[in-house]
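Quick notes on the structure that follows.
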Amino acid sequence: MLDIRLLREQPGFVKEKLALVGCPAAEVQAVIDADARRRELIAAVESMRAERKRSSKSIGAMKPGEEMEVAKAAVRALGERMASAEKELATVEAEFQAMMLELPNIPHDDVPPGPDDSANVVLRSGEPSREFDFDPKPHWELGEELGIIDFARGVKISGTRFYVLKGDGARLQRALITFMLEVHSSEHGYTEIYPPAMVRAECLVGTGNLPKFGDMLYRDAEEDYYFVPTAEVPVTNLYRDEILDAATLPVKHVAYTPCFRREKMSAGRDVRGIKRGHQFDKVELVKFTKPEESDAELLKLLADAEDIAARLGLQSRIVQMCTGDLSFTAAIKYDIELWAPGCREWLEVSSCSNFRDFQARRANIRFRHGKDRPQLCHTLNGSGLALPRVMIAVLETYQCADGSIEIPEALRPYMGGRERIAKG
RNA sequence: GGAGAGGUGGCUGAGUGGUCGAAAGCGCUCCCCUGCUAAGGGAGUAAGGGUUAAAAGCCCUUCGAGGGUUCGAAUCCCUCCCUCUCCGCCA
């Protein structure tokens with residue numbers, strides 16, 4: 001959510017910035033108009049309330065009698081007028097809030113302009129991690145031949161976009177999760193969190209998934225719980241409605257969770273393999289920082305996530321999103337992509353974003369220096385990394401001509417010291 | 001799932017219709033005093049919003065949430081949520 005004061009005071013600036021992310025000026029103007037109506041009503045209602053308070057107090061000091069009854073009747077009439085003004089205010093306020101929640105974040109000045117993903121900028125690109133003297137296979141072939149990914153049974157028990165990991169496949173994923181958690185918590189200084197994977201709607205409003213992107217989410221309608229689409233949601237909301245001590249910032253968390261997404265928007269895309277499923281595992285990095293530190297902290301977070309790819313010996317590149325390809329909530333965003341030599345594509349395994357105070361305002365996450373007034377934090381996050389796609393990159397990069405997989409050295413301690421996954 | 005108790009400021013906790021944004025204590029901040037330390041004295045100590053160029057000031061909201069009664073609600077009534085205790089069940 002944006003600061004309403006900014007919209008009031010610099011409407012031209014806001015319209016210009018939001019036009020870059022595809023939000024029409026009329027939408028901004030509608031919010032500004034609603035705010036003006038809202039404030040008029042607030043002033044009217046509050047002055048009536050003040051008057052009623054004064055009058056009621058004076059009634060309390062009166063002796064019972066005719067004078068008191070007259071005064072009571074007068075306040076009752078005022079109360080009725082007030083109630084109707086309050087009702088109108090509530091309507092306008094609700095409309096105003098709803099519109100505020102639909103406005104996207106303002107892009108950071110460092111974001112390159114551009115209409116869509118064609119204008120994204122590849123900031124750096126790693127060298128190929130190996131040469132192939134044979135034709136590398138896609139992971140769905142490797143996984144099936146090795147008996148470590150079972151697509152047919154995944155479909156049988158749950159349907160399309162589900163799969164089963166078996167034996168060394170399941171173990172490899174577990175090794176990756178443990179490895180990532182270990183590196184981030186022991187070496188990069190993130191405190192590990194094991195959060196709930198089901199949350200209340202408010203949490204999703206806080207992170208910006210609701211109200212706009214509800215069709216991405218699974219939910220238990222009876223209990224009104226949502227299944228998290230990413231650990232970003234529960235972890236960011238850890239400090240919702242709290243005021244953190246400035247001395248504790250930046251707060252850095254790493255969390256592993258399963259993630260659940262309906263993927264309605266991407267129907268028909270990435271249907272082969274394990275690239276895009278309704279359920280997947282992810283290790284997520286989340287930071288809470290002071291405003292002046294968030295830019296630098298984002299680069300550190302990106303480096304921490306990249307480090308995982310480097311240690312696994314995978315070819316990676318960093319892509320900066322242009323204004324037209326930013327997510328709703330991000331002010332600036334870098335993707336980490338891994339090269340998958342078998343399916344011959346770059347796989348997005350992390351989006352590292354600075355949301356500045358956009359989520360913090362929605363979720364009311366603040367910090368304070370001593371006795372100063374509380375200020376909104378900046379929130380940042382990025383995957384570190386998303387499991388199934390890292391699995392794809394590992395399987396396809398480390399495949400051998402005989403169809404076996406060499407286990408990357410970094411993972412061997414988590415795979416019982418083994419060096420190879422072979423058929424059997 | 002059954003029975004009971006309860007949700008008040010950073011914490012403990014008083015408060016059953018008005019002068020209560022809320023006693024008292026603890027904690028915290030500042031000042032004074034005591035040659036250090038301990039102790040003591042005094043003052044202060046919520047958040048959000050409106051008005052304002054901004055501040056001060058003034059005003060409004062908030063005692064789990066929502067609704068109701070009333071001139072007036074932390075206080076009375078209803079609904080919901082949550083916490084705790086005991087029992088049942090269960091990884």
Side-chain angles (χ1 to χ4, degrees), chain A residues 1-13 31-101 194 196-206 219-226 234 237-249 251 258 357 359-377:
Chain A
M1 198 157 66
L2 300 176
D3 185 353
I4 183 58
R5 288 197 190 100
L6 185 66
L7 303 230
R8 265 180 223 157
E9 287 158 20
Q10 300 184 57
F13 169 81
V31 179
I32 294 170
D33 293 343
D35 175 53
R37 279 205 307 284
R38 166 182 162 266
R39 282 188 297 155
E40 261 172 48
L41 286 166
I42 287 172
V45 165
E46 286 190 352
S47 74
M48 282 189 262
R49 265 209 272 260
E51 192 187 331
R52 186 184 67 166
K53 241 179 155 170
R54 267 189 315 255
S55 305
S56 287
K57 218 168 249 187
S58 72
I59 290 171
M62 287 173 168
K63 296 238 157 81
E66 196 177 326
E67 193 194 355
M68 184 190 241
E69 292 312 312
V70 171
K72 279 190 186 180
V75 179
R76 194 181 302 129
L78 172 65
E80 278 158 20
R81 268 184 291 136
M82 196 174 89
S84 78
E86 276 174 339
K87 206 173 153 195
E88 195 182 346
L89 173 61
T91 308
V92 171
E93 182 74 46
E95 281 168 12
F96 166 75
Q97 285 299 337
M99 286 191 272
M100 283 295 280
L101 289 173
Y194 172 81
M198 295 159 97
V199 295
R200 301 169 184 285
E202 302 97 270
C203 293
L204 291 144
V205 173
R219 78 187 267 235
D220 171 352
E222 199 175 328
E223 302 287 343
D224 204 26
Y225 284 133
Y226 287 81
N237 279 280
L238 239 30
Y239 305 114
R240 181 154 53 91
D241 293 320
E242 290 192 29
I243 300 173
L244 304 172
D245 182 346
T248 65
L249 300 180
V251 169
D357 62 15
Q359 291 182 326
R361 185 170 291 106
R362 287 171 163 251
N364 194 27
I365 304 167
R366 294 171 293 172
F367 75 96
R368 157 156 56 195
H369 242 119
K371 291 257 161 186
D372 294 354
R373 290 196 59 199
Q375 263 189 88
L376 291 168
C377 292

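Here is the naming used below: chain letters follow the sequence lines, and residue numbers restart at 1 for every chain. Only this structure's heavy atoms are used, side chains among them; waters, hydrogens and symmetry mates stay out. Owing to the predicted nature of the structure, the values given are computational and were not obtained by experimental measurement.
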Does some side-chain heavy atom of A:Met1 sit less than 4.5 Å from a side-chain heavy atom of A:Gln97?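 They are in side-chain contact.
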If you check every side-chain atom of [X], which of [options] has the closest atom?
X: A:Ser56; options: B:rU51, B:rG18, B:rG48; value: B:rG18
X: A:Val75; options: B:rG49, B:rC71, B:rA47; value: B:rC71
X: A:Arg76; options: B:rA46, B:rC71, B:rU19; value: B:rC71

Using whole Å, what does the distance between atom [atom2] of nucleotide [N] and atom [atom1] of [X] come to?
X: A:Asp245; N: B:rC28; atom1: CG; atom2: C1'; answer: 12 Å
X: A:Ile42; N: B:rG50; atom1: CD1; atom2: C1'; answer: 6 Å
X: A:Lys87; N: B:rG68; atom1: NZ; atom2: P; answer: 11 Å
X: A:Glu93; N: B:rG48; atom1: CD; atom2: C1'; answer: 12 Å
X: A:Tyr225; N: B:rC82; atom1: OH; atom2: P; answer: 6 Å
X: A:Arg366; N: B:rG49; atom1: CZ; atom2: C1'; answer: 12 Å
X: A:Glu202; N: B:rG66; atom1: CD; atom2: C1'; answer: 14 Å
X: A:Ile243; N: B:rU45; atom1: CD1; atom2: C1'; answer: 14 Å

Residues 72-92 of chain A, side-chain donor-acceptor partners within the protein, below 3.5 Å, at least two apart:
residue : atom : partner : partner atom : Å
A:Ser84 : OG   : A:Arg81 : O            : 3.1
A:Glu86 : OE2  : A:Arg49 : NH1          : 2.5
A:Thr91 : OG1  : A:Lys87 : O            : 3.0

Pairing residues for A:Arg39 by the salt bridge (Lys or Arg N to Asp or Glu O under 4.0 Å) criterion, not counting sequence neighbours: A:Asp35
Using the salt bridge (Lys or Arg N to Asp or Glu O under 4.0 Å) criterion, which residues pair with A:Glu67? Sequence neighbours excluded. none
Which heavy atom in [X] sits nearest to a heavy atom in [Y], and how many Å separate them?
X: A:Val251; Y: A:Thr248; answer: CG2-O, 3.6 Å
X: A:Met62; Y: A:Ala71; answer: CE-CB, 3.9 Å
X: A:Ile243; Y: A:Phe367; answer: CG2-C, 4.0 Å
X: A:Gly206; Y: A:Ala363; answer: CA-CB, 4.0 Å

Residue closer to the 5' end of RNA chain B, A:Ala43 versus A:Ser58 (nearest nucleotide):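 Per heavy-atom nearest nucleotide, the more 5' residue is A:Ser58.
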Judged by nearest nucleotide, the residue sitting upstream toward the 5' end of RNA chain B, A:Lys72 or A:Gly60, is A:Gly60
Which atom pairs link the protein and nucleotides 29-31 of chain B when you take only N or O atoms and keep those under 3.5 Å?
none

[N] to [M] separation - [atom1] atoms, rounded to the nearest Å:
N: B:rU75; M: B:rU61; atom1: P; answer: 15 Å
N: B:rU85; M: B:rA47; atom1: C1'; answer: 33 Å
N: B:rG15; M: B:rG25; atom1: C1'; answer: 15 Å
N: B:rC20; M: B:rC60; atom1: P; answer: 15 Å
N: B:rU52; M: B:rC59; atom1: C1'; answer: 13 Å
N: B:rG21; M: B:rC58; atom1: P; answer: 15 Å
N: B:rG49; M: B:rG68; atom1: C1'; answer: 26 Å
N: B:rA39; M: B:rU34; atom1: C1'; answer: 9 Å

Examine distances only and state if a side-chain atom of [X] and a backbone atom of [Y] form a donor-acceptor pair shorter than 3.5 Å.
X: A:Ser56; Y: A:Lys53; answer: no
X: A:Asp357; Y: A:Leu376; answer: no
X: A:Arg38; Y: A:Glu93; answer: no

Return a single string for nucleotides 55-62 of chain B, one symbol per nucleotide in 5' to 3' order, where B is base contact, S is sugar-phosphate-only contact and - is none, cutoff 4.0 angstrom on heavy atoms. ----BBS-
Spacing of A:Phe13 atom CZ and A:Leu6 atom CG [to the nearest 0.5 Å]: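 Here the interatomic distance stands at 6.0 Å.
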Let's test your reading of the pairing rules: Watson-Crick or G-U wobble, both distances under 3.5 Å, then write RNA chain B as a dot-bracket string with ( ), [ ], | and dots. ((((((((.[[[..)..(.....]]]((((((.......))))))((((((.....)))))).[[[[[..)....]]]]])))))))....
Taking only the side-chain nitrogens and oxygens of A:Arg368, find out if one of them lies under 4.0 Å from OP1 or OP2 of B:rA46. no
Are A:Ile59 and A:Met68 close enough, and set up right, to give a side-chain contact (heavy atoms from CB on, under 4.5 Å), and what steps lead you there? CA-CA 6 Å; A:Ile59 290 171; A:Met68 184 190 241; 3.9 Å; yes
Sugar-phosphate, base or nothing in reach of A:Arg8, heavy atoms under 4.0 Å: sugar-phosphate
